[in-house]
Structure formats: C-alpha cells, structure tokens
Number of protein chains: 2
Amino acid sequence: MNSNNVTIYDVAREAGVSMATVSRVVNGNPNVKPTTRKKVQDAIDRLGYRPNAVARGLASKKTTTVGVIVPDISNIFFADLARGIEDVATMYKYNIILGNSDSSRDKEVHLLNTLLGKQVDGIIFMGGRLHEDLVEEFKKSPVPIVLAATLNQGYDLPAVNIDYEQAAYDATHMLINHGHDRVGFITGPLEQQINGEKKFAGYRRALEDAGLPFHENDMILGNYTYASGLEAMQKMLQRDDCPKAIFAGTDEMALGVIHAIQDAGYSVPNDFEVVGHDNTRLATMIRPKLTTVVQPMYDIGAVAMRLLTKILNAEEIEEKNVVLPHRIERRDSLRQD
Amino acid sequence: MNSNNVTIYDVAREAGVSMATVSRVVNGNPNVKPTTRKKVQDAIDRLGYRPNAVARGLASKKTTTVGVIVPDISNIFFADLARGIEDVATMYKYNIILGNSDSSRDKEVHLLNTLLGKQVDGIIFMGGRLHEDLVEEFKKSPVPIVLAATLNQGYDLPAVNIDYEQAAYDATHMLINHGHDRVGFITGPLEQQINGEKKFAGYRRALEDAGLPFHENDMILGNYTYASGLEAMQKMLQRDDCPKAIFAGTDEMALGVIHAIQDAGYSVPNDFEVVGHDNTRLATMIRPKLTTVVQPMYDIGAVAMRLLTKILNAEEIEEKNVVLPHRIERRDSLRQD
DNA sequence: TTGAAAGCGCTAACAG
DNA sequence: CTGTTAGCGCTTTCAA
C-alpha cells in the first residue's frame, strides 16, 4: 500500500523475477513474456511501487526535466510563454524547473549553473539581452539551450522569435498611413535587444521610408509597465507639438498611454491613435479596444520546447532560428480607414 | 576547464585527497584543515567541477527541489502566487518544478505522482477544490504538502489563505452601506470552494444581516474570465430590476462588468457601483479604477513556501492553517462616501 | 582531520 | 525471454 521506500528490488522479489525484468516492464521494453509482465505488474500494483526518478536519472544520465529561465513569471507576457513551454513539455513527458532571473546577469548565470547541476536535459532561456558572460556559459553547457522570444545576437544558438523590426515597422507604417506626420514611440530600455534596438530600428525605418524626420523628443523610454506608459504619455502630452499617433512597445504600456490620453480629456481614437505590441489579453480589456501587433507568446513557447525535444531526440531540424509570423490585429484604438 | 563529466573523484585525485574530503569541502563541513580546504578548492576551480545534484539526491535522499501544482500559470493570479513561492524557495536554496493542472482531477493526481517520483522534498498545491481522490494521495505522500490559496476543507493539511467568506461579506456590506437594497453577485462556479461557496456565503450573510432578501436572479455564475464578466453583466443589464451595485468574484470579471456597463451607456460609479476581488494589477488598469478586495497573492505564495521550509527543517510551527489579513482598497468604482 | 567502503535505486550491457 | 553484474556520482558511517 505504501508507495515509498518500495524499490525495484522489492518488486522483483515479490514477483519472483530479477530486477532487470522489473526494469523492463516499467520501461515498456517489449522483450518480456506477457505472463511475466502480468506477474510483475501485479506485484507493482500490490506494493504501490513508484520508480525513483533520481536513481533512474543517475543511472541513465537523463532526467526528463528541462530548465526554464524567465525574467519574471508574474509578467503576463512570460506567463503565456511558460504555459506554451509547459504544455509541450508535458506532451513529451518532460517536467519544468522554473527560475526567475529578473533579467539580472548574475542571477541568470547562477540559475544556469544550478540547473546544470541538477542535470536538466536541456534549457529554455528568455531574457532581454544575452550578456557575454552568459554566452560563455552557454557555450560550455553540456546540454542544448534554446532561446524563446530572445534574439541570438549572431551567436549560433537555436531561437524562436518573430521579426520584431518588421513588426515595429508595420505598426509605425500603419500609423503614418493614417495621415500622421509624427508618431510617438514609447518602449522599454534601448539596451534591450528586442524592445529597444529592434523595435526602434523598425520605427525609424518606417519614418525614413515615408520621408519623415526622426525627432528625438518623440521617443520616450520606460520599463514596460502600465505605470511607465502612463507617465511617458503624460509627459508627452505637455508638449505643444505632441504626436497624435503613438506606438507603444508593449500592450501594458499602451493601456497606460490610452488612459493618460483619456485622463487629459482627449479621445482615442478621435484625437489620438494608439497601437500596442504583443496582443496579450489586456488588449481587449480596455475601451477602446487596442489595435496591437500580434506576437504569439504561447506559440513561441510551444515551438521553442518542441525544438528542444527535437534536438534532444537528434531529430532532423530544418531551421534552428525560427521566425514565426506576426500580424496586426485591428481594433478600436485606430480610426476606421 | 570543462565543467561536465568532472566528478568528485577527479577532484580528489587532482587535489591528492580522498573524495570524502572533497565532499566535506563542497558541503561546507568545518572539519577540514584550512590548508586542505584550499588545496581542494583550487582543484575544484581548476577542473571546473560542478557537483551532480542527482547523485547527491540519491545518496542523501534530499533533492532541494519542491513541486508546485497550479491550475494555470498564465492566469495572472497564479503567476503572482508562483512568484512569491519561487522567491522564497530561492532564498532557501530550493528549486521549483512547476506543473499546470487546469484544475483537472486527473492531471492533479498524475502531476502529484510525477513529482513524488522525482523525489521532490515537498509540494505546494493550488486548486479550486480538493477532490477526495487527491486527498487520498496527499495522505500517502511521503513528503509534506502545503496548500496555497486553497482551503483544506477540514482535512488536516497546512494551508495559507485569507478569510474569503468575510472578505465577500465586507465587499457586499460596503455596497449595501452605499444605499443599495440589491447587490448583484457575479463569480465563478459554485462547486469551487473559494470562489463559489465561501464568497457566496459571505454575500448572503451580508444580505441577511442587512435584512435584505436574496434574489436568485442577482447572482450569475461565470468562469473568472473577463469575457464571462462582460457577458454576465450584459445579461443582467437587460432586466428591468437590474441591481445598481455589483460585487465581482475576481478583478478580471469586474473589468468585464464595468465595460459592459459602460458599453451600455451608463457610468461607473454614478449609475452603477462595482467592487472586485484580488487586487491584481488589473485593478488600476481601468477607468474608473477598481475598488477591490485585497488578497495578497504574492504573500500567500511566499508564506506557503516559508511554511513548507519550516516543516522540512522541523522548525516549530505556531499555526498550520494560516489566515492572512485582507482589506478593501477603495478606488473610483465606488462613489465617495 | 582524513580515508575506506558501503550503499542510494536504477539502467545497461552481457550472458545464457 | 530472463538474470547477473557493474557502475552512475555522491553522502555517510566507521575507523584510524
């Protein structure tokens, strides 16, 4: 009845076979006579035997556990990603050890080493940018590492992303197409590969292609949060030449932007038009509903985990650097065409 | 240089000591001569030795890993809880294996067994209600289990919660105090211990204490989501005798409620007053800002994990059934007194 | 203060 | 189809 301290050896004795046979039954090895299999299975049930994964891991050098390093699981964006990872992991019989890094280089390195010490079979990493030290550690890793929603910055690491530069271009372009000759850009720190560099590059390219100048003033850097979006827009509203179109780097910031506009007595989309980024659930939880770039977080997580399983199984891999499609979901924060 | 396949034995040879001594150094055992310690440490650094936690786990029967079972990590509520758990876990050198159950009894049982198979040192469980089968498994668990934001339904399980019945009472009472003789109640499935039973009980008690009758019609059951809150309120608005005060079981539903009201051309709080529950970040991400019951999710997670560490360390425990304080945060979805 | 040796529970050849 | 036998890398007595 007890399910603990019962070992494979106990089962072997109870069933009158060797532990090797029990191991075969437990692992679904076909080379076991049906009669024997049944005998063993009965003994297992009777004793309530549960294989010890730690012992198995030591003997087989596989733990069926993968590490997941995420900046902050309480961020809706990463939570969605994590869910995609976990679902596919479960599908392939893996478990997830989850760790929050707060995007701190030290915590990232420390977490990585802890996970490797725990002998995970692979790692999925999410982070704002890849610090050199980290990449050094990655290179020394005995197990494969896949990046999710994180650019590989030229390093030879498998990664799953969308084309952030193009997405920002599309969003900005859409705003320009609505007749704006200035577009405000509110996003995260510029040092961040995706939210800073890439989105900024797309924004600038859209401006350039439209023959519009880039005004330093039209860009405000926050930290992704609602509060920082609100604050940034409040600041922008104080200017006489405030842009009437805003592209926000994340949905959360976009909500802040919209509320700042509304709090100041203006209307979205009549006075101001706003486009967000990510299409988190927040996008429809506001009035007007938010037009936003669709980044399929769940899918990115799922595809990243699937990619990792392929690497672990030595399956053939077409492309290690996966770029998922993006699009813009039109809602009411933009005027009808 | 390489950090893998280097074993304690290699270090021992390199340092000219026995593996027992290396083990002592690695584990900070004080009974090692400083000279020896240094010699070993140097060898460790030179070889890039990283202890194998799996082997250690097998030998010591401790994995410094705890399992966390959560209905859905992509739900902002549980993501916050998980963050609290993880932070305290890290503080005490534990890692977290995270699994989503989708509140399915089968998945819960399966996950539990997988975690026990992986020899976790303890488990933190979150779920809508404790199914009998699950409790049976809990009883057989060789490691301690702590419930977080989950009622122990009379079973003798350590748990961390707030007083949900009283919280619902307080919210309803506050609405009644604002002059309403009817209060709409929109929450999750009644089978759920917390969101159904407890909150319902508090709601009814507040009504009773105020001498108000309970109208079956005034209660609508959804599924916690924004969409279900929106839909429920739309339905309620079609009635001639629609209550002008609404208590929503979760913030997300409350946002849906407010938007349904606004979409119908009414004002919050002038025409309708709304109170939510949880005080997730959503509460301030809406206009008017949401008055809501503060349930400290992060703290519940943190305290649950701390409680687990106490049990694991056999520290003295004052109270196994922890009830954290709650309060109502007044914001603009309620009229000024 | 240090070393020798016996496991922890399981997998994986290798025989038979 | 089944059993024997080494380990996997580490902790933990027990002696010295």
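Fair warning: this is a prediction, and the values are worked out from it, not measured in the lab. Lettering of chains follows the sequences in order, A, B, ..., and the numbering in each one begins at 1.
Within residues 20-36 of chain A, the residues having any heavy atom under 4.0 Å from DNA chain D are, by residue number, A:Ala20, A:Thr21, A:Arg24, A:Asn31, A:Val32, A:Lys33, A:Thr36.
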Taking only distance into account, with no hydrogens and no angle test, what donor-acceptor pairs under 3.5 Å do side-chain atoms of residues 154-162 of chain A form with protein atoms, sequence neighbours excluded?
{"unit_1": "A:Asn161", "atom_1": "OD1", "unit_2": "A:Thr150", "atom_2": "N", "d": "2.8"}
{"unit_1": "A:Asn161", "atom_1": "OD1", "unit_2": "A:Tyr164", "atom_2": "OH", "d": "3.4"}
{"unit_1": "A:Asn161", "atom_1": "ND2", "unit_2": "A:Thr150", "atom_2": "O", "d": "3.1"}

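B:Val17 comes within contact range of the sugar-phosphate backbone alone, with a heavy-atom separation under 4.0 Å but no base atom that close.
Mapping A:Ser60 and B:Ala59 onto DNA chain C by nearest heavy atom places B:Ala59 closer to the 5' end of the strand.
Under the 4.5 Å side-chain criterion, counting only non-hydrogen atoms from C-beta, A:Asp87 is in contact with A:Tyr298. Within the 4.5 Å cutoff, side-chain heavy atoms of A:Thr36 are placed close to those of A:Thr21.
Summarising the geometry, the separation between CE on B:Met19 and C1' on C:dG3 is reported as 11 Å, rounded to the nearest angstrom. When the P atom of C:dC10 is taken as reference, atom CD of A:Gln119 falls 19 Å away, rounded to whole Å. One interatomic measurement links the two molecules: NZ of A:Lys61 to C1' of C:dT11, which rounds to 11 Å at whole-angstrom precision. Computed from coordinates, the B:Arg56 CZ to C:dG7 C1' distance equals 18 Å when rounded to whole Å. Atom CG in A:Asn5 sits roughly 12 Å away from atom P in C:dC8 (whole-Å rounding).
Closest non-hydrogen pair, A:Leu308 versus A:Ile123, comes out as CD2-N, 3.9 Å. Pairing each heavy atom of A:Pro142 with each of A:Leu116, the nearest pair is CD-CD2, 4.1 Å.
Note on A:Asp80 versus A:Arg83: no salt bridge recorded, every NZ/NE/NH1/NH2 to OD/OE distance being 4.0 Å or above.
In the displayed structure, A:Glu132 atom CD is contacted under 6.0 Å by at most 12 heavy atoms of other residues, nucleotides or ligands.
A donor-acceptor pair under 3.5 Å links the side-chain atoms of A:Asn29 to the main chain of A:Asn31, judged by distance alone.
In summary, contact between chain A and DNA chain D, defined as any nucleotide atom under 4.0 Å from a heavy atom of the protein, begins and ends at D:dC1 to D:dG9 in the 5' to 3' direction.
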